[in-house]
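To keep things clear, I will list the structure first and then write my remarks on it.
For ligands, and for the atoms within them, numbers begin at 1 and follow the listed sequence. The chain is numbered in sequence order, starting from 1. The figures here come from the full heavy-atom set of this structure, side chains too, leaving out hydrogens, waters and symmetry mates.
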Amino acid sequence: MHDGYAYCEIRLLFFYLKSLLRKIIFLRMTKNNEWWRGCVMYQVYPRSYCDANGDGIGDLRGIISKLDYIASLGVDAVWISPFFKSPMKDFGYDVSDYRDVDPIFGSIQDFLELLKEAHRLGLKILIDQVWSHTSDQHRWFKDSRQCRSNHMADWYIWADPQPDGTPPNNWMSYQVGPAWTWDGRRRQYYLHHYIPEQPALNLRNPNVRQEIKNTAAFWLDLGVDGFRVDALHTHIYDKDLRSNPARAGNNFNNSRDVPDSNPMSFQDRIYTVNTPENIVWVEEIREHINKWEGRCLLAEVGGDNTEKDAVDYCQTDKRMHMAYSYGLVKSDMSKKCLTKTIGKVEEIIDDGWMCWSIGNHDIKRVLNRVNPHYADKAALAKYLMALLLSLRGTPCIYQGEELGLPQAELAFEDLVNPFDISLYPDHMGSDGARTPMPWMKTAPNAGFSNTTHKTWLPIPPGHVALAADRQEKDEQSILNEYKRFIAWRKGQDILLTGAFEFVEADGDILAYMRSLDDKKMLCVFNTSDSPASWNYDVDGLEAMEEVNHNASYDGKGFELAPYGYGFFRLTK
Ligand code: NOJ
Ligand code: CA
């Protein structure tokens with residue numbers, strides 16, 4: 001009897017240990033599968049990263065040669081903008097073959113090597129997927145435009161003209177002007193939300209949906225860790241092609257992805273962007289992607305209210321893992337703008353997860369949006385970095401931000417981006433944000449390329465002085481501050497996944513509390529170019545000196561130098 005009892009106890013203990021082990025394994029797996037939550041991402045724009053074959057355009061082998069550099073930043077994941085076959089009318093965002101690498105960038109073998117090497121270095125790789133449109137040179141569109149009855153006739157959005165021959169409705173394109181282009185063969189208009197060479201796919205068609213999913217499977221099987229889904233807001237249009245209403249009021253809206261100089265901004269785009277059917281499609285993609293373990297979907301979300309829509313797309317574990325909006329990418333980073341944009345997200349985010357960035361290949365670089373004439377660019381760059389890397393969500397650094405590159409001022413003749421050209425002189429500044437990376441101060445073309453011809457975009461002399469090799473040797477450089485901060489952040493669970501709450505602060509000081517379990521960290525920033533102070537009397541505030549930048553606390557209040565910042569642990 002006694003023995004039997006002991007046997008029972010041992011079995012129970014064994015059972016308990018087994019279930020504990022299972023729980024630990026499950027937790028570790030979930031944790032690993034959720035690597036994207038709070039990791040640091042880095043965006044590479046391949047044309048401008050590094051040119052290995054000397055033709056003046058960056059390529060995959062160039063990226064491979066810089067993977068050590070990327071890993072040395074301490075980032076966890078890399079999003080690479082498109083490198084697929086393309087006529088390059090929109091520099092790769094016009095794809096003519098989803099499953100092949102454009103010869104300008106290299107080959108599939110090069111990509112596989114890149115992936116392998118990145119994984120060896122512990123870096124995850126996200127690739128861009130452009131599913132809202134293809135190139136007009138894609139085989140599908142070539143077939144589709146032949147006639148109204150061929151097998152791909154309804155793979156794109158075709159519509160009859162109005163009786164007077166004008167386009168079917170008032171939809172506008174990002175490039176300025178109607179979103180419709182006439183095709184003489186079909187005697188119909190086709191839709192393109194961007195340039196005419198980017199016809200919009202008909203993602204209501206189950207065959208198109210299946211093909212897109214097959215494309216995703218192709219890259220997931222090769223081992224990519226996820227996708228940045230391009231222009232998710234423009235995936236599915238109103239079925240009845242209803243005209244958009246005129247925009248109500250002339251309200252300033254930083255959350256709109258289109259500048260006021262584009263007449264598209266005159267409309268409330270209820271029938272063209274972020275339609276309810278988009279969510280259904282997103283859930284279908286997510287279900288598909290879930291078949292591969294530990295992969296992640298990051299959506300680009302534009303539209304008229306990008307914070308709200310971005311949050312919608314990443315709500316619950318049935319949609320995107322994360323999404324980024326336009327609020328900060330376009331922002332002047334004033335306290336008002338930061339409070340509004342971040343506040344809006346925090347209010348509604350619930351269990352969703354944002355990806356925050358303050359720059360990308362489409363928008364003027366952040367240093368020129370924020371106080372462009374401020375002399376101490378290094379202080380400004382470090383402050384912006386600390387702010388970005390301490391928000392709740394996954395921060396994404398755009399290549400060159402870690403060097404403090406300002407926007408390149410280009411002459412009209414140097415512009416190549418179709419949107420910049422159409423909107424000139426009041427454009428978004430894509431080309432000036434895409435100039436080649438300066439790697440070596442004294443090498444030809446700043447070490448980006450050994451071409452004796454012109455690089456695809458010029459390298460501004462001001463960028464050469466900021467070359468990576470120089471900054472590596474300077475302890476106080478922006479680059480080394482990035483490395484230090486990212487390394488420190490890794491050890492701060494509070495910043496990785498903790499809650500976020502604004503703390504009311506005086507004047508231009510922006511403050512927020514991050515907290516996790518019973519731990520709290522106060523993050524304080526001077527958003528202005530003048531010294532600032534704030535009376536804040538709280539017990540047990542301890543400065544985290546490693547990352548403090550000209551911010552002091554004397555027990556009664558804060559003093560911050562222009563663009564100073566500090567992180568303070570609450571010990572009580
Ligand atoms: C967003 C991309 O970031 C941009 O570069 C591109 O022009 C449009 N989507 C269209 O694909
Ligand atoms: Ca090249």
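Looking at Asp59 and the Ca ion (ligand 2) together, the shortest N, O or S contact belongs to OD2. When the N, O or S atoms of Asp55 are ranked by distance to the Ca ion (ligand 2), OD1 comes first. The atom of Asp51 nearest to the Ca ion (ligand 2) is OD1, with the search restricted to N, O or S atoms.
Not a single N, O or S atom of Gly62, from either the backbone or the side chain, sits less than 3.0 Å from the Ca ion (ligand 2). Taking 3.0 Å as the criterion, Asn53 counts as a coordinating residue of the Ca ion (ligand 2), since one of its N, O or S atoms falls below it.
Looking only at atom types and distance, the side chain of Tyr156 has no donor-acceptor partner in the side chain of Arg145 under 3.5 Å away. At a cut-off of 3.5 Å, with distance as the only test, a side-chain donor of Tyr42 or Glu402 sits close to an acceptor on the other residue. Under the 3.5 Å distance criterion, with hydrogens and angles disregarded, no donor-acceptor pair is assigned to the side chains of Asp55 and Trp456. Side-chain contact, Ser422 with Tyr174: no donor N or O sits under 3.5 Å from an acceptor N or O.
Of all atoms in ligand 1, listed by their number and element, those nearer than 4.0 Å to a heavy atom of Glu300 are 1 (C), 3 (O), 9 (N). Residue-ligand proximity, Phe419 to ligand 1, at heavy-atom distances under 4.0 Å covers atoms 7 (O).
Under 4.0 Å from ligand 1, not a single heavy atom of Phe91 appears. Within the 4.0 Å heavy-atom criterion, neither part of Lys89 lies near ligand 1. Counting heavy atoms under 4.0 Å from ligand 1, residue His192 does not touch it at all.
Taking the six-membered ring for Trp, His233 and Tyr326 have ring centres at least 6.0 Å apart. Aromatic rings from Trp158 and Phe141 are positioned such that their centres are separated by under 6.0 Å. Within the 6.0 Å centre-distance limit, the rings of Tyr237 and His193 are counted as a close aromatic pair. If you look at Phe111 and Trp219, their ring centroids are closer than 6.0 Å. A distance of 6.0 Å or more separates the ring centres of Trp171 and Tyr189. Ring centers of Tyr49 and Trp439: under 6.0 Å apart, within the cut-off.
Counting only heavy atoms of the protein, atom 9 (N) of ligand 1 lies nearest to Asp230 OD1, 2.8 Å. Among protein heavy atoms, the minimum distance from atom 6 (C) of ligand 1 is reached at Asp90 OD2, 3.3 Å. The single protein non-hydrogen atom nearest to atom 8 (C) of ligand 1 is Tyr194 CE2, 3.7 Å, given as residue, atom name and distance. Here the protein heavy atom with the shortest distance to atom 3 (O) of ligand 1 is Asp362 OD2, 2.5 Å.
Annotation: His133 places an N or O atom under 3.5 Å from an N or O atom of ligand 1; distance criterion only.
For the ligand labelled ligand 1, residue Arg228 lies inside the 4.0 Å heavy-atom shell. The closest approach between any non-hydrogen atom of Arg434 and ligand 1 is below 4.0 Å.
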Checking side chain to side chain donor-acceptor pair (under 3.5 Å) for the pair Asn214/Gln210: CA distance, chi angles, key distance, verdict? CA-CA 6 Å; Asn214 295 347; Gln210 189 51 52; 2.9 Å; yes
